[in-house]
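Computed from a predicted structure; not experimentally measured. Convention: sequence-line order gives letters A, B, ...; per-chain numbering from 1.
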Protein chains: 2
Amino acid sequence: MAKPEDQIGVVAALVRTAFLVNAVYSESAREFGLTQQQGQLLCVLMPQAYAMGELSTILGLAKSSLTGLVDRTERNGLVRRDPDPRDPRGIRVTLTPAGADLADRFYTETCRRVAELPATLSDQERDTVAGLLGRVIHDNRVPVVFSETP
Amino acid sequence: MAKPEDQIGVVAALVRTAFLVNAVYSESAREFGLTQQQGQLLCVLMPQAYAMGELSTILGLAKSSLTGLVDRTERNGLVRRDPDPRDPRGIRVTLTPAGADLADRFYTETCRRVAELPATLSDQERDTVAGLLGRVIHDNRVPVVFSETP
DNA sequence: TATTGTTATACTCTATAACTATA
DNA sequence: TATAGTTATAGAGTATAACAATA
């Protein structure tokens, strides 16, 4: 039972929730032999391929940081650089079959773990949180780094 | 206006909110010449000093990772290693005056930015989010890496 | 000239294993 | 023996600046 003095403000609630989710995400990635960043890259690529510049924007990283991340993930056989047929300068980063398989499994397990976090909320309370955070996400134009229906 | 098809599940809501808050936190730290990790260390140390092992638990890092983080933050003049009077093996990591000052300013500005994220929610909706996430935090024993009343 | 992506360089962050010093 | 913390090592993540190739 939450006592009144347990009530925290929305800022601390958001920051500490982020810390919690982050820890769960990292731990899940780790158990699949991924870093958090590589796991995030795989999740972004699940629905479709992207150019380096697009990934840079979506993930909020400098382009050269992306080069390194894709290098390492490619070296692990999880993604591939395909030429962009419409622009010889560009490439499309795509999941390999092994990458798609691992992404599926990582995604499923991470969803399972994150879903456990609000275990003590009622179904209706979970819907309420989802709806309100969904508006925060929408209004702040958060990129789709993790979609519920991949 | 959120249309029904904008409704996302609680898992995606949590993961994408974490991504958003993380980006804001990092960006704020960066503008104060801090990394996200150093900023987090300062925030944890605002209310009190801690031993290395305690910080390791609070931040979820290996002890040797803490050694490096404290080394770099100490080199920047923001924290200090004080001997633990009760155990010559132990130390207490403490904010220096410069560190306390920077922590205050970083904390205040970060709060301001995070508080803007739910700008389009009503006061009551913000309270609802805070209450529900507060329970998630409580039930998952999230360490106090960021308190609302430092 | 502007855009796409990579390279070179320099840090920071992190973990594992081995170590020192003290309880 | 167990605990507190550091060192050694290796790799991953990140940014800035300079670069190459193409539009």
### Task
For Gly60(B) and for Arg81(A), find the nucleotide of DNA chain C with the closest heavy atom, then tell me which residue's nucleotide is more 5'.
Arg81(A)

### Task
Verify the contact: side-chain N or O of Arg72(A) to OP1 or OP2 of dG13(D), cut-off strictly under 4.0 Å; return yes or no.
yes

### Task
Pick base, sugar-phosphate or nothing for Asp87(A), based on heavy-atom distances below 4.0 Å to the nucleic acid.
sugar-phosphate

### Message
Go nucleotide by nucleotide along DNA chain D from the 5' end; which of Pro88(A) and Ala62(A) gets its closest nucleotide reached first?
### Response
Ala62(A)

### Task
State which of dT14(C), dG13(D), dT6(C) makes the closest approach to the side chain of Gln37(B).
dT14(C)

### Query
Asp84(A) CG to dG5(C) C1': how many Å, rounded?
12 Å

### Query
Base, sugar-phosphate alone, or nothing: which one does Gly68(B) contact when heavy atoms must sit under 4.0 Å apart?
nothing

### Query
Counting only distance, no hydrogens or angles, is the base of dT16(C) paired donor-acceptor with the side chain of Ser64(B) under 3.5 Å?
yes

### Query
Counting distance only, does the side-chain N/O of Thr73(B) pair as donor-acceptor with the main-chain N or O of Leu78(B) below 3.5 Å?
no

### Query
Under 3.5 Å, side chain of Thr110(B) to main-chain N/O of Ser28(B), donor-acceptor pair present?
no

### Task
Using atom types as modelled and distance alone, determine if a side-chain donor or acceptor of Arg126(A) lies under 3.5 Å from a backbone N or O of Pro118(A).
yes

### Message
Using whole Å, what does the distance between atom P of nucleotide dT14(C) and atom CG of Leu69(B) come to?
### Response
7 Å

### Task
Would you indicate, yes or no, if dA15(C) has its OP1 or OP2 atom less than 4.0 angstrom from a side-chain nitrogen or oxygen of Arg30(A)?
no

### Query
Between Leu34(A) (CG) and dA12(D) (C1'), how many Å, whole number?
13 Å

### Query
Between dT4(C) atom P and Leu61(A) atom CG, what is the distance in whole Å?
17 Å

### Query
With sugar-phosphate meaning primed atoms plus P, OP1 and OP2, does Arg92(A) contact a base, only sugar-phosphate, or nothing at under 4.0 Å between heavy atoms?
nothing

### Task
Indicate whether OP1 or OP2 belonging to dT14(D) is found under 4.0 Å from a side-chain N or O atom of Gln36(B).
no

### Message
Need one value for Arg86(A): base, sugar-phosphate or nothing, where a base atom within 4.0 Å counts as base even if backbone is also close, heavy atoms only.
### Response
nothing

### Message
At less than 3.5 Å, do the side-chain atoms of Arg89(A) and the base atoms of dT4(C) form a donor-acceptor pair?
### Response
no

### Summary
Lys63(A) atom NZ is separated from dC19(D) atom P, nearest whole Å, by 16 Å

### Message
In this structure, how many angstroms lie between the C1' atom of dT14(C) and the CG atom of Asn22(A), rounded?
### Response
14 Å

Residues 55-70 of chain A, side-chain donor-acceptor partners within the protein, below 3.5 Å, at least two apart:
residue, atom, partner, partner atom, Å
Ser56(A), OG, Leu61(A), O, 2.5
Thr57(A), OG1, Gly53(A), O, 3.2
Thr67(A), OG1, Lys63(A), O, 3.3

### Query
Starting at OH of Tyr25(A) and ending at C1' of dT14(C), how long is that distance when rounded to a whole Å?
18 Å

### Query
Reckon Ser65(B) has a side-chain N or O less than 4.0 Å from the OP1 or OP2 of dT14(C)?
no

### Task
Please state how far atom CE in Met52(A) lies from atom C1' in dA21(D), giving the value in whole angstrom units.
16 Å

### Task
Classify the side chain of Thr35(A) and the base of dT14(C) as holding, or not holding, a donor-acceptor pair under 3.5 Å.
no

### Task
Look only at the side chain of Arg80(A) and the backbone of Glu74(A), and say whether a donor-acceptor pair between them is shorter than 3.5 Å.
no

### Task
Identify whether any heavy atom of Ile91(B) sits under 4.0 Å from a base atom; if not, whether one sits that close to sugar-phosphate; answer base, sugar-phosphate or nothing.
sugar-phosphate

In a table with atom names and distances, give each donor-acceptor pair under 3.5 Å that connects a side chain of residues 10-25 of chain A to protein atoms at least two apart or in another chain.
residue, atom, partner, partner atom, Å
Arg16(A), NE, Pro143(B), O, 3.4
Arg16(A), NH2, Val142(B), O, 2.8
Thr17(A), OG1, Ala13(A), O, 2.6
Asn22(A), OD1, Gln36(A), NE2, 3.0

